[in-house]
Amino acid sequence: MTFKPAVWPRKLRSQEWYSGTSRDTIYHRGWMKNQGHPHDLFDGRPIIGILNTWSDLTPCNGHLRELAEKVKAGVWEAGGFPVEVPVFSASENTFRPTAMMFRNLAALSIEEQMRGQPIDGAVLLVGCDKTTPSLLMAAASTDLPSIVVTGGPMLNGYFRGERVGSGTHLWKFAEAVKAGEITQEEFLEAEESMSRSSGSCNTMGTASTMASMAEALGMALSGNAAIPGVDSRRRVMAQLSGRRIVQMVKDDLKPSDIMTRKAFENAIRTNGAIGGSTNAVIHLLAIAGRVGVDLTLDDWDRCGRDVATIVNLMPSGEYLMEEFFYAGGLPVVLKRLGEGGQLHKDALTVSGETIWDEVKDVRNWNEDVILPVDKALTNQGGIAVLRGNLAPRGAVLKPSAASPHLMKHRGRAVVFEDIDDYKARISDDRLDIDETCIMVLKNCGPKGYPGMAEVGNMGLPPKVLKKGIKDMIRISDARMSGTAYGTVILHTAPEAAAGGPLAVVRTGDMIEVDVEARRLHLDISDAELEDRLSKWRPGHERAESGYAWLHQTHVTGADTGADLDFLKGCRGSPVGKDAH
Ligand code: FES
């Protein structure tokens with residue numbers, strides 16, 4: 001840890017707007033006073049933007065206005081001046097065609113809000129899947145002092161005495177209906193149990209994973225990730241974070257001081273230990289790209305390869321985030337990684353302390369939830385990165401959510417050209433498919449869908465489900481919900497819509513998967529593959545205008561984080577000209 005706090009007091013960027021007696025200053029300051037702010041609030045104290053992703057249409061973040069009040073209280077207490085700023089909120093469960101298409105638009109707009117407005121530091125008030133990475137990307141690009149406060153997970157759901165995990169049980173119930181195991185009426189009845197309090201998904205889905213990634217990166221106070229959304233300690237966390245950001249501004253403790261290569265390696269290993277979402281791969285690659293850390297897919301495979309999954313949460317395990325919190329939460333996991341030599345202990349956090357200092361004295365209160373290493377769900381908890389002629393730039397698989405008997409398999413491809421083709425044919429009893437086949441879905445990548453939909457865990461054909469089969473190998477250029485499970489190979493790059501080899505797979509081709517050898521092979525000759533690729537032509541619609549055009553034209557591959565190519569890198573927060 002080499003960070004040296006800046007000298008305080010000093011002139012902050014917000015004073016470019018509010019300090020002095022010029023006409024422009026009076027213009028900026030005077031307008032702010034219509035909200036009843038006394039003159040002495042503009043005396044050079046840190047102005048803290050509370051970047052709030054609250055929205056009625058982002059239900060997972062629906063309680064963030066209440067949390068914002070606690071953040072404000074903390075900022076006031078520490079001598080700062082809080083300003084709440086609504087920002088782009090991409091809800092996972094409402095945005096079409098997919099929230100992922102708007103992660104970069106959100107990051108772009110929020111970056112400019114941070115740079116173009118008079119704030120000295122930011123509290124990133126987030127929760128739902130894409131809100132956490134988009135605000136971290138914006139903070140990384142502006143490099144303004146920032147701290148993450150997540151809204152926390154929902155309380156456990158229960159249906160007929162059984163725990164119900166967000167998303168995970170949606171997939172399970174849907175497949176049970178298709179298999180004739182439960183009725184549609186029972187499915188509707190179960191709906192009421194799925195979201196019983198404020199907060200984000202209560203499984204170790206993408207929201208909980210990204211909250212954990214923020215904490216493992218050092219960008220949130222220790223213990224933030226697991227506190228339930230309705231727990232009073234969530235509000236305490238918000239208030240403490242409000243206090244802390246004021247000191248971070250005074251010290252000039254920036255994202256680039258915290259999100260170093262060591263921090264990213266800590267996060268990758270943490271993702272393996274928690275059985276985290278494959279979506280973290282894309283988001284961390286994108287965040288790293290913004291802050292200037294050269295993170296690659298190979299880092300994911302290398303760092304995560306020998307990490308044991310010790311958090312027994314759905315979708316890989318049996319419990320939910322509420323129990324994870326009671327067991328001690330992420331600090332226990334970080335401590336375990338540190339004891340096993342799998343944590344860079346000297347990585348700095350927003351607290352100003354090292355990550356090890358934050359966690360070294362915590363205890364595990366429930367070894368059924370946070371397992372001893374010798375009872376780990378799997379010893380290969382990281383993300384496996386497969387390569388071969390079918391995925392020259394890589395594809396990913398989450399071993400902890402996959403079936404051991406399918407980790408080495410050769411099967412006949414059954415190809416769906418896009419998600420509509422899949423939907424049209426999957427339930428047709430005439431579809432020539434059985435459980436030994438490999439389902440292949442094309443044109444669902446960053447350019448193709450567009451936006452890289454979470455459809456990679458496509459449901460199995462009903463005629464296979466009715467045999468009691470729960471898993472088959474599925475390969476696509478899509479993503480998968482963090483709440484989903486199965487032997488699902490995702491993020492195949494280059495994607496089909498960009499002319500990757502996935503585009504030329506045909507039904508009847510044989511495909512070989514060998515996770516141990518990290519191999520994904522289309523069993524045709526090199527000459528045949530070359531011939532098919534030379535004849536391939538883009539077949540899918542391209543937007544001709546608007547953001548969809550910008551996205552399809554500039555989005556990079558999944559292997560580099562699916563960011564917009566012109567947004568990579570840190571542009572800082574220089575104060576621009578005043579045009580008034
Ligand atoms: Fe928003 Fe899961 S859909 S957190």
Side-chain angles (χ1 to χ4, degrees), residues 52-65 67 87-103 106 124-136 148-157 163-174 190-215 220 224-231 234 271 274-280 282-283 313-316 320-322 324-325 330 401 451-457 478-485:
N52 196 345
T53 53
W54 165 86
S55 161
D56 275 341
L57 285 175
T58 308
C60 321
N61 297 11
H63 59 308
L64 295 189
R65 281 197 295 185
L67 276 188
V87 297
F88 194 117
S89 183
S91 168
E92 198 61 31
N93 45 52
T94 47
F95 245 112
R96 291 187 179 191
T98 164
M100 180 61 187
M101 184 165 132
F102 301 101
R103 182 201 65 178
L124 315 180
L125 210 43
V126 292
C128 194
D129 298 16
K130 301 301 172 291
T131 56
T132 307
S134 59
L135 270 70
L136 276 169
V148 170
V149 178
T150 50
M154 292 186 274
L155 297 176
N156 285 4
R163 276 184 201 82
V164 172
S166 317
T168 302
H169 274 79
L170 184 67
W171 320 129
K172 281 194 173 151
F173 289 141
E191 177 188 330
E192 303 303 324
S193 66
M194 288 179 185
S195 307
R196 66 175 269 248
S197 79
S198 304
S200 49
C201 289
N202 57 17
T203 43
M204 188 52 82
T206 304
S208 301
T209 298
M210 290 312 298
S212 302
M213 294 297 92
E215 190 172 327
N224 170 78
I227 308 170
V230 294
D231 195 295
R234 170 62 53 195
N271 191 62
I274 62 176
S277 166
T278 46
N279 283 326
I282 291 190
H283 297 324
L313 258 58
M314 297 179 203
S316 302
L320 294 168
M321 287 298 284
E322 192 180 338
F324 185 42
F325 174 58
L330 198 72
M452 210 179 174
E454 288 188 333
V455 293
N457 57 312
R479 294 176 304 121
M480 167 172 91
S481 164
T483 61
Y485 49 88

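All ligand and atom numbering here is 1-based and tracks the order in the structure. For this chain, numbers begin at 1 and follow the sequence in order.
Formation of a donor-acceptor pair under 3.5 Å by the S212 side chain with backbone atoms of S208 is found in this model. A donor-acceptor pair under 3.5 Å is absent between the side-chain atoms of T58 and the main chain of C60, judged by distance alone. H63 places no side-chain N or O within 3.5 Å of a backbone atom of V230 that could act as its donor or acceptor partner. Side-chain N or O atoms of T150 include none that pairs as donor or acceptor with a backbone N or O of A211 at under 3.5 Å.
Y485 pairs by the ring-ring contact (aromatic ring centres under 6.0 Å, His included) definition with nothing, not counting sequence neighbours.
Protein N/O/S atoms found under 2.8 Å from atom 1 (Fe) of ligand 1: C60 SG, C128 SG.
Classified by interplanar angle (parallel below 30°, tilted 30° to 60°, perpendicular above 60°), the ring pair F88/F95 is parallel.
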